[in-house]
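Predicted model, so just to flag it, every value in this text is computed and none were measured.
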Amino acid sequence: MDQLDKIDTKILRILQKDAKKTTKEISNILNLTISPVYERIRRLESLGFIKQYVAILDKKLINRSVTTICQVSMRYHNEAFIEKFEQEIQDLEEVQECYHMAGQVDFLLKINVGSLDEYHDFVKYKLSKIDNIGVLNSTFVLKEIKHTSEYYIKVGEINQIPIG
């Protein structure tokens with residue numbers, strides 16, 4: 001077993017901020033040659049630390065500026081109902097994130113649409129059609145204060161990983 005070292009951690013931080021950075025740019029930042037940086041990135045990918053590379057879009061430019069946090073409480077909590085909800089929510093393109101929660105609320109949804117009318121139609125014609133929903137509670141984001149996809153990581157705190 002082995003842990004990620006300081007260089008691996010720095011590479012992950014760099015790529016989280018800008019996944020378009022080239023291996024050459026990263027090697028310059030770290031004062032290393034290109035080849036070991038390339039190998040480390042490939043290793044981080046193969047071990048699953050880097051799941052994918054994505055482009056983060058400007059939601060205003062693509063007309064998805066209304067962000068809603070929707071709390072969903074189910075009427076019945078047996079396994080079949082929960083699995084069915086989880087499957088059906090996957091097909092709703094408006095839902096950006098979905099979390100199964102512990103506590104008074106069963107699911108927390110993050111939904112981005114272009115307008116309140118669009119959200120109304122989404123709830124009326126799509127979300128409310130899912131069986132077993134007891135209560136929907138929607139709150140609307142007035143201002144986004146912080147939004148990041150980055151995880152703060154420190155050297156030595158990442159789980160051990162198998163070598164080879």
Side-chain angles (χ1 to χ4, degrees), residues 1-72 82-83 85-103 105-119 121-123 126-127 138-164:
M1 298 292 247
D2 191 19
Q3 287 190 337
L4 298 187
D5 63 16
K6 192 175 185 178
I7 294 169
D8 293 327
T9 305
K10 285 181 180 179
I11 290 170
L12 290 173
R13 286 182 189 147
I14 291 166
L15 289 173
Q16 282 190 105
K17 286 196 181 304
D18 184 359
K20 282 188 73 174
K21 284 258 190 255
T22 66
T23 305
K24 182 178 179 180
E25 290 171 320
I26 295 169
S27 64
N28 287 336
I29 292 168
L30 299 175
N31 292 321
L32 296 171
T33 58
I34 294 172
S35 183
V37 170
Y38 175 83
E39 291 304 321
R40 282 174 179 267
I41 291 171
R42 293 298 158 251
R43 179 173 158 263
L44 291 166
E45 290 170 346
S46 69
L47 290 170
F49 285 97
I50 299 172
K51 289 173 61 172
Q52 69 185 85
Y53 297 93
V54 299
I56 298 174
L57 307 180
D58 185 320
K59 65 184 179 181
K60 291 177 186 166
L61 295 178
I62 61 167
N63 194 28
R64 297 287 180 271
S65 60
V66 176
T67 301
T68 307
I69 305 300
C70 182
Q71 298 173 332
V72 178
I82 290 171
E83 285 179 4
F85 179 85
E86 289 175 359
Q87 289 170 355
E88 290 187 39
I89 213 74
Q90 295 289 336
D91 295 330
L92 300 178
E93 60 274 354
E94 294 89 349
V95 177
Q96 197 169 10
E97 298 175 36
C98 176
Y99 301 97
H100 190 179
M101 308 297 288
V105 173
D106 295 309
F107 293 93
L108 190 67
L109 311 177
K110 178 182 170 190
I111 301 158
N112 281 84
V113 292
S115 68
L116 292 178
D117 287 338
E118 212 176 303
Y119 183 73
D121 290 347
F122 165 75
V123 170
K126 293 183 178 182
L127 189 58
S138 301
T139 54
F140 299 93
V141 173
L142 297 176
K143 180 181 179 184
E144 190 174 277
I145 308 302
K146 180 177 181 180
H147 180 153
T148 183
S149 61
E150 298 174 39
Y151 293 103
Y152 176 71
I153 52 176
K154 296 185 286 189
V155 177
E157 87 175 349
I158 296 177
N159 292 333
Q160 292 187 339
I161 52 175
I163 297 177

Q: Please report the C-alpha distance between Leu57 and Ile62 in whole Å, then the side-chain angles of each, then the deciding distance to 0.1 Å, and finally whether the side chain to side chain contact (heavy atoms under 4.5 Å, CB included) criterion is met.
A: CA-CA 8 Å; Leu57 307 180; Ile62 61 167; 4.1 Å; yes

**Q.** Pair Phe140-Leu116, side chain to side chain contact (heavy atoms under 4.5 Å, CB included): steps then yes or no
**A.** CA-CA 9 Å; Phe140 299 93; Leu116 292 178; 3.7 Å; yes

Q) Can you tell me how far the CD1 atom of Ile34 sits from the CG atom of Asn28, to the nearest 0.5 Å? A) 7.0 Å

Q) side chain to side chain contact (heavy atoms under 4.5 Å, CB included) between Phe122 and Leu92: does it pass, once the steps are laid out? A) CA-CA 9 Å; Phe122 165 75; Leu92 300 178; 4.0 Å; yes

Q | Flag side-chain contact, heavy atom, 4.5 Å: Thr33 against Pro36 | A | yes

**Q.** Nearest-0.5 Å distance, CD of residue Glu118 to CD of residue Glu94
**A.** 7.0 Å

Q: Assess the side chains of Lys59 and Thr67: does a donor N or O sit below 3.5 Å from an acceptor N or O?
A: yes

**Q.** Validation row: Ile26, Ile41 side chains within 4.5 angstrom (heavy atoms)
**A.** yes

Q. Measuring from Arg40:CZ to Leu12:CG, what's the distance to the nearest 0.5 Å?
A. 10.5 Å

Q: State the CD-CG distance between Glu88 and Leu127, to the nearest 0.5 angstrom.
A: 10.0 Å

**Q.** 4.5 Å side-chain heavy-atom contact, Val37 and Leu32
**A.** yes

(Q) If I take atom CG from residue Leu109 and atom CD1 from residue Ile89, how far apart are they, to the nearest 0.5 angstrom? (A) 4.5 Å

Q: Could you tell me which non-hydrogen atom of Ser138 sits nearest to which non-hydrogen atom of Cys70, and how far apart they are?
A: OG-SG, 3.9 Å

Q.
Could you work out, with ring-ring contact (aromatic ring centres under 6.0 Å, His included) as the rule, every residue matching Phe107, not counting sequence neighbours?
A. Phe85, His100

**Q.** Of all pairs that satisfy side chain to side chain donor-acceptor pair (under 3.5 Å), the ones with a partner from residues 10-19, not counting sequence neighbours
**A.** Lys17-Glu150

(Q) Once side chain to side chain donor-acceptor pair (under 3.5 Å) is applied, do any residues pair with Ser115, and if so which ones, sequence neighbours excluded? (A) none

Q. Thr23: what forms a side chain to side chain donor-acceptor pair (under 3.5 Å) with it, not counting sequence neighbours?
A. none

Q | Side-chain donor/acceptor of Glu25 to backbone N/O of Thr22, under 3.5 Å | A | yes

(Q) Return the CD1 to OG1 distance between Ile111 and Thr68, rounded to the nearest 0.5 Å. (A) 6.0 Å

Q) Do Glu39 side-chain atoms and Ser35 backbone N/O form a donor-acceptor pair below 3.5 Å? A) no

(Q) side chain to side chain contact (heavy atoms under 4.5 Å, CB included), that's the test. Do Leu44 and Leu15 meet it? Break it down for me. (A) CA-CA 11 Å; Leu44 291 166; Leu15 289 173; 5.9 Å; no

Q.
Taking side chain to side chain donor-acceptor pair (under 3.5 Å) as the definition, give me every residue that meets it alongside Glu93, ordered by chain and number, with sequence neighbours left out.
A. Lys126

Q.
Testing the basics here: between Gln96 and Asn112, what is the closest heavy-atom pair and its distance to 0.1 Å?
A. OE1-OD1, 2.7 Å

Q: Under the side chain to side chain donor-acceptor pair (under 3.5 Å) rule, collect the residues that match up with Tyr151, sequence neighbours excluded.
A: none

